Peer 1: 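One structure is given below, represented as structure tokens, and several questions about it will come after.
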Amino acid sequence: MKRSNLFLPTLKENPTEAKITSHRLMLRSGMVRQSSSGIYSWLPMGLKVLKNIEKIIRLEQDLIAQELLMPTIQDSEIWKKSGRFNDYGKEMLTFIDRHEHQLLYGPTNEELITDIFSKNIMSYKSLPLCLYHIQWKFRDEIRPRFGVMRGREFLMKDAYSFDISKEDAIKCYNRMFLSYLRIFNKMELKAIPVSADTGPIGGDLSHEFIILADTGESEVYLDKNILKEEIPNINYNDSKGISKLVDTLTSFYAAADDKYDEEEYMNIVNENNRLKTKGIEVGHLFYFGSKYSIPLEAKVNSKEGKVVPVEMGSYGIGVSRLVGAIIDAHHDDKGICWPESVSPFLIGIVNLRQNDIECSNLSDTIYNNLLSKDVSVLYDDRDEGAGIKLAEMDLIGVPWQIRIGPRGIKNGNFELLQRKTGDITEIKVKDMEKTINKLL
RNA sequence: CGGAACGUAGCGCAGCUUGGUAGCGCACUGGUCUGGGGGACCAGGGGUCGUCGGUUCAAAUCCGGCCGUUCCGACCA
């Protein structure tokens, strides 16, 4: 993509309404624009990141679940059946269609997926089953804030599991547990699993996944040792191995402030290993048994020929929130430093002297080379001052910048800058091919 | 939902106290120069001052209603 053709409205100054880093940077780097309180339009740059995050999630979730797509608008009837139509409260946006029928904009999908299940699955032989979708949700938050981190409309990955027994349900829960860690790992986020309250979803087993970031909303108390844990490759068929791994990972003390118990913390965690910090919740696992399967009649015939309600769990990831969380975890005073896996572009080309024929020729050559390799590249071909181009490239956080200017060309060089470290390497033009291949 | 602010050009703001036909910086358009970290100069374009009503000869400015946005708190992916 040439910068001259890209719809990328960047801002030099900070908009007053944006108080936290990720919100400021998302506005300044032209990723989103607010259309009303807690509701955002995603501009091309922001959308690219959102899609990259989705891609990572799909890759991992497809190993243990199947994707489908449920609607944003739901019928209120199933919510009345589950009892949540009244329980959910004012956060749920409801409205009436031309036939005087009450609808709602889904804040979550337990009812709908359970309804789908109940109408199509009759036998234990069809289990286990785990389904997920990535869809926009709406929760009419009292006070939306922090941009995309706490919007009213947000994109969420939500998965739902159906099993014949609690034992099987826990197996699925554990697979999700590890799948989540792998997902966040791939985004270069350190996610801490923290035991959690189940809130309005209900149930008796639940973990939150918290990203450590100074701008986070919730306080977390940790045993530092959990940060050292690596996530190995996982064989999802090995339920014993998985269960062991989850046991290990949950053996460290980790609690959000609502579950924090000072005495317990002091007793369990050695003084040198205590860490109190802030975090952002990006994922949540729930096991809730038959809470929805009973009222919504999601029942199957068991091996013994009895009709039994299925055991369920649900598993969410805040996809749009992750965009903000990643920025909070990866930025400096110049702007965003995208992890390569989610970056809107892998490589940026900055032509420092647009009207210099040698600079432009080399820039064009490298650009076309990258295009032919199908690399996502942003080529700043505008006739602007070098400072403007460099500052913008830093702001939008492209991981690798190729800088082409008269100074380097004189010696047959161009420069390669790594955004994250700021390291600049002089590259001989004749080594271009080799250098590029190393980045891919 | 309790508390507090704010609403003037795309963004950041001044003007309001003391009413008199709207201004600055950035951004934008045309031009000249410049050319390795948001450069300089010249010339331009863009605003029914959130909205409705009231007071007044006259309202961005004073008064009232409404709408919107933000911040702090209680609540959440």
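Proteins get letters first, then strands, A, B, ... in listed order; numbering begins at 1 in each. Just so you know, these numbers use all the heavy atoms, side chains as well, and skip hydrogens, waters and symmetry mates. Every value quoted in this text rests on a predicted model; they were computed, and no experiment measured them.
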Peer 1: When you compare B:G25 with B:U70, how far apart are their C1' atoms, in angstrom units rounded to a whole number?
Peer 2: 23 Å
Peer 1: Kindly say whether, by distance alone, the side chain of A:R403 makes a donor-acceptor pair under 3.5 Å with the base of B:G37?
Peer 2: yes
Peer 1: Pairing check on B:U61: which nucleotide meets the Watson-Crick or G-U wobble criteria with it, both distances under 3.5 Å?
Peer 2: none
Peer 1: When the C1' atoms of B:A9 and B:C33 are compared, how many Å lie between them, rounded to an integer?
Peer 2: 29 Å
Peer 1: Mapping A:E91 and A:D383 to their closest nucleotides on RNA chain B, which lands nearer the 5' end?
Peer 2: A:D383
Peer 1: Do we get A:K276 above A:Y221's six-membered ring, with its NZ or CZ under 6.0 Å from the centre and within 45° of the axis?
Peer 2: no
Peer 1: Sort out the partner of B:C24 for me: Watson-Crick or G-U wobble, both distances under 3.5 Å, none otherwise.
Peer 2: B:G12
Peer 1: Choose from B:C76, B:G36, B:U69 the nucleotide whose nearest atom is closest to any side-chain atom of A:Q34.
Peer 2: B:U69
Peer 1: Grab the CD1-C1' distance between A:I210 and B:C76 for me, whole Å please.
Peer 2: 12 Å
Peer 1: Can you tell me the distance, in whole Å, between the NZ atom of A:K334 and the P atom of B:G38?
Peer 2: 12 Å
Peer 1: In whole Å, I'd like the distance from the CD atom of A:E17 to the C1' atom of B:G68.
Peer 2: 13 Å
Peer 1: To the side chain of A:A391, which of B:G36, B:G12, B:G37 is closest?
Peer 2: B:G37
Peer 1: Got a salt bridge between A:R419 and A:E340, using NZ or NE/NH1/NH2 to carboxylate O under 4.0 Å?
Peer 2: no
Peer 1: Under 4.0 Å, counting only non-hydrogen atoms across every strand here, what does A:G324 touch: a base, just sugar-phosphate, or nothing?
Peer 2: nothing
Peer 1: When we call it a touch if two heavy atoms are under 4.0 Å apart, what does A:P107 touch: a base, just sugar-phosphate, or nothing?
Peer 2: nothing
Peer 1: Would you name the heavy atoms of A:L27 and A:A18 that are closest together and state the gap between them?
Peer 2: CD1-CB, 3.8 Å
Peer 1: For a quick check of understanding: with a heavy-atom distance under 4.0 Å over all strands, which category does A:G316 fall into, base, sugar-phosphate or nothing?
Peer 2: nothing
Peer 1: Measure from the side chain of A:R145, starting at C-beta and using heavy atoms only, and say which of B:C75, B:C76, B:G38 lies closest.
Peer 2: B:C75
Peer 1: Locate the shortest heavy-atom distance separating A:A298 from A:T114; write the atom from each residue and the value.
Peer 2: CB-CG2, 3.6 Å
Peer 1: Whether A:R143 contacts B:C71 is assessed here as follows: a side-chain N or O lying under 4.0 Å from the phosphate OP1 or OP2. Is that the case?
Peer 2: yes
Peer 1: Which part of the nucleic acid, if any, lies within reach of A:D394 when heavy atoms closer than 4.0 Å are counted: base, sugar-phosphate only, or nothing?
Peer 2: base
Peer 1: State the pairing partner of B:G7; accept Watson-Crick or G-U wobble contacts with both distances under 3.5 Å, and report none otherwise.
Peer 2: B:C67
Peer 1: Considering only the C1' atoms, how many Å lie between B:U56 and B:A74, rounded to the nearest integer?
Peer 2: 46 Å
Peer 1: Tell me which nucleotide, if any, is Watson-Crick or G-U wobble paired with B:U18 when both distances must be under 3.5 Å.
Peer 2: none
Peer 1: For B:G30, give its Watson-Crick or G-U wobble partner with both distances under 3.5 Å, or none.
Peer 2: B:C42
Peer 1: Could you state the atom-to-atom distance from CZ of A:F146 to P of B:C71 in whole Å?
Peer 2: 7 Å
Peer 1: Answer yes if the side chains of A:W79 and A:Q74 hold a donor-acceptor pair under 3.5 Å, and no otherwise.
Peer 2: yes
Peer 1: How are the rings of A:W136 and A:W42 set relative to one another: parallel (under 30°), tilted (30 to 60°) or perpendicular (over 60°)?
Peer 2: tilted
Peer 1: Is there a donor and acceptor pair closer than 3.5 Å between the side chain of A:N14 and the base of B:G12?
Peer 2: no
Peer 1: Using ring centroids (six-membered ring only for Trp), state whether A:H284 and A:Y315 fall under 6.0 Å.
Peer 2: no
Peer 1: Between A:L395 and A:S35, which residue's closest nucleotide on RNA chain B lies nearer the 5′ terminus?
Peer 2: A:L395
Peer 1: Go ahead and name the base partner of B:U48; Watson-Crick or wobble counts if both distances stay under 3.5 Å, otherwise write none.
Peer 2: none
Peer 1: Looking at B:U56, which nucleotide sits across from it as a Watson-Crick or G-U wobble partner, both distances under 3.5 angstrom, or is there none?
Peer 2: none
Peer 1: Checking base pairs now: Watson-Crick or wobble, both atom distances under 3.5 Å. What partners B:C76?
Peer 2: none
Peer 1: I need the CD-P distance between A:E219 and B:C76, as an integer number of Å.
Peer 2: 16 Å
Peer 1: Counting only side-chain nitrogens and oxygens, does A:T16 get under 4.0 Å of the OP1 or OP2 atom of B:C6?
Peer 2: no
Peer 1: B:A77, B:G12, B:G36: which one has an atom nearest the side-chain heavy atoms of A:L352?
Peer 2: B:G36
Peer 1: Let me know the distance between CD1 of A:I20 and P of B:C72, rounded to the nearest Å.
Peer 2: 10 Å
Peer 1: Just the table, please: protein N/O against nucleotides 25-30 of chain B N/O, every pair under 3.5 Å.
Peer 2:
unit_1, atom_1, unit_2, atom_2, d
B:G25, N2, A:E13, OE1, 2.9

Peer 1: Please report, rounded to the nearest Å, how far the P atom of B:G37 is from the CG atom of A:D380.
Peer 2: 15 Å
Peer 1: Answer with yes or no whether A:R150 presents, from its side chain, a donor or acceptor under 3.5 Å of a partner atom in the base of B:C76.
Peer 2: yes
Peer 1: Please measure how far the C1' atom in B:C6 lies from the corresponding atom in B:A77, and state the result in whole Å.
Peer 2: 30 Å
Peer 1: Using a strict threshold of under 4.0 Å (side-chain N to carboxylate O), is an ion pair present between A:K2 and A:D380?
Peer 2: no
Peer 1: Considering only B:C11, B:C1, B:U70, which nucleotide approaches the side chain of A:K19 most closely?
Peer 2: B:U70
Peer 1: Does the pair A:R382/A:E392 count as a salt bridge with the N-to-O cut at 4.0 Å?
Peer 2: yes
Peer 1: Looking only at the side chain of A:K90 (C-beta and beyond, no hydrogens), which of the listed nucleotides B:C76, B:C1, B:U69 gets closest?
Peer 2: B:C1
Peer 1: Quote, to the nearest angstrom, the P distance that separates B:C52 from B:U48.
Peer 2: 12 Å
Peer 1: Would you say the side-chain atoms of A:N411 and A:N413 include a donor-acceptor pair closer than 3.5 Å?
Peer 2: no
Peer 1: Starting from C1' on B:C75, measure out to CG on A:D87 and report it in whole angstrom.
Peer 2: 16 Å
